[in-house]
*Asks:* 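Attaching a single structure in structure tokens format; questions to follow.
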Amino acid sequence: MTMVLLAIDLALAAGLIALAGVSLVTRDPNRAVVLFMTFGWLMAFTWARLNAPDIALVEAAIGSGLTGALLLATINASKTSVDSNRAKD
């Protein structure tokens, strides 16, 4: 059983590092936000694995859910603003 848990822990660590790196180097803002949200969910699962369910719930709700939704709304609003400014010119 401990080998399975070790494998899960290593997969979580590798996934977090990979998602952090990919989300930092991607050029597409929508993709970066989706990767950030995925990172938040994986981080929430990591907190749950570390027996910290309160932090896991906060990370899932605020870290990936609310922040991700706000970032996506900001990206869409900025694209709309840029498009309307281009139409005026």
*Asks:* Do L12 and I8 touch side chain to side chain, with heavy atoms closer than 4.5 Å?
*Replies:*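 Result yes, sub-4.5 Å side-chain heavy-atom pair found.
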*Asks:* Could you name each residue pair satisfying side chain to side chain donor-acceptor pair (under 3.5 Å) that touches residues 3-28, not counting sequence neighbours?
*Replies:*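 Every side chain to side chain donor-acceptor pair (under 3.5 Å) pair that includes a residue of residues 3-28, provided the two are not neighbours, is D9-R49.
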*Asks:* Atom CZ of F39 and atom CD of E59: how far apart are they, to the nearest 0.5 Å?
*Replies:*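 One finds 7.5 Å between CZ of F39 and CD of E59.
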*Asks:* Are L42 and L35 connected in the hydrophobic side-chain network, where two residues link if heavy atoms are under 4.5 Å apart?
*Replies:*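 L42 and L35: one cluster.
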*Asks:* Please list all pairs meeting salt bridge (charged side-chain N to carboxylate O under 4.0 Å, His left out) that have one or both residues in residues 34-44, counting only residues at least two apart or in different chains.
*Replies:*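 Every candidate salt bridge (charged side-chain N to carboxylate O under 4.0 Å, His left out) pair involving residues 34-44 fails, so no pair, neighbours aside, qualifies.
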*Asks:* Could I get the full list of side-chain contact (heavy atoms from CB on, under 4.5 Å) partners for I75, not counting sequence neighbours?
*Replies:*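 In terms of side-chain contact (heavy atoms from CB on, under 4.5 Å), with neighbours along the sequence ignored, I75 is linked to P29, N30, V33, K79.
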*Asks:* Identify each donor-acceptor pair in which a side-chain atom of residues 14-21 lies under 3.5 Å from a protein atom, sequence neighbours left out, and give them as a table.
*Replies:*
none

*Asks:* side-chain contact (heavy atoms from CB on, under 4.5 Å) for W41 and T38? Distances and angles first, verdict last.
*Replies:* CA-CA 5 Å; W41 281 106; T38 307; 5.7 Å; no
*Asks:* Indicate every side-chain donor-acceptor pair of residues 60-70 with a distance under 3.5 Å to a residue at least two apart or in another chain.
*Replies:*
residue, atom, partner, partner atom, Å
S64, OG, A60, O, 3.0
T67, OG1, I62, O, 2.7

*Asks:* Taking all non-hydrogen atoms of both residues into account, name the closest pair between A56 and A44 and its distance.
*Replies:*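 Minimum heavy-atom contact is CB-O, 3.2 Å.
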*Asks:* Considering residues at least two apart in sequence or located in another chain, which fulfil the salt bridge (Lys or Arg N to Asp or Glu O under 4.0 Å) criterion with R31?
*Replies:*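 None.
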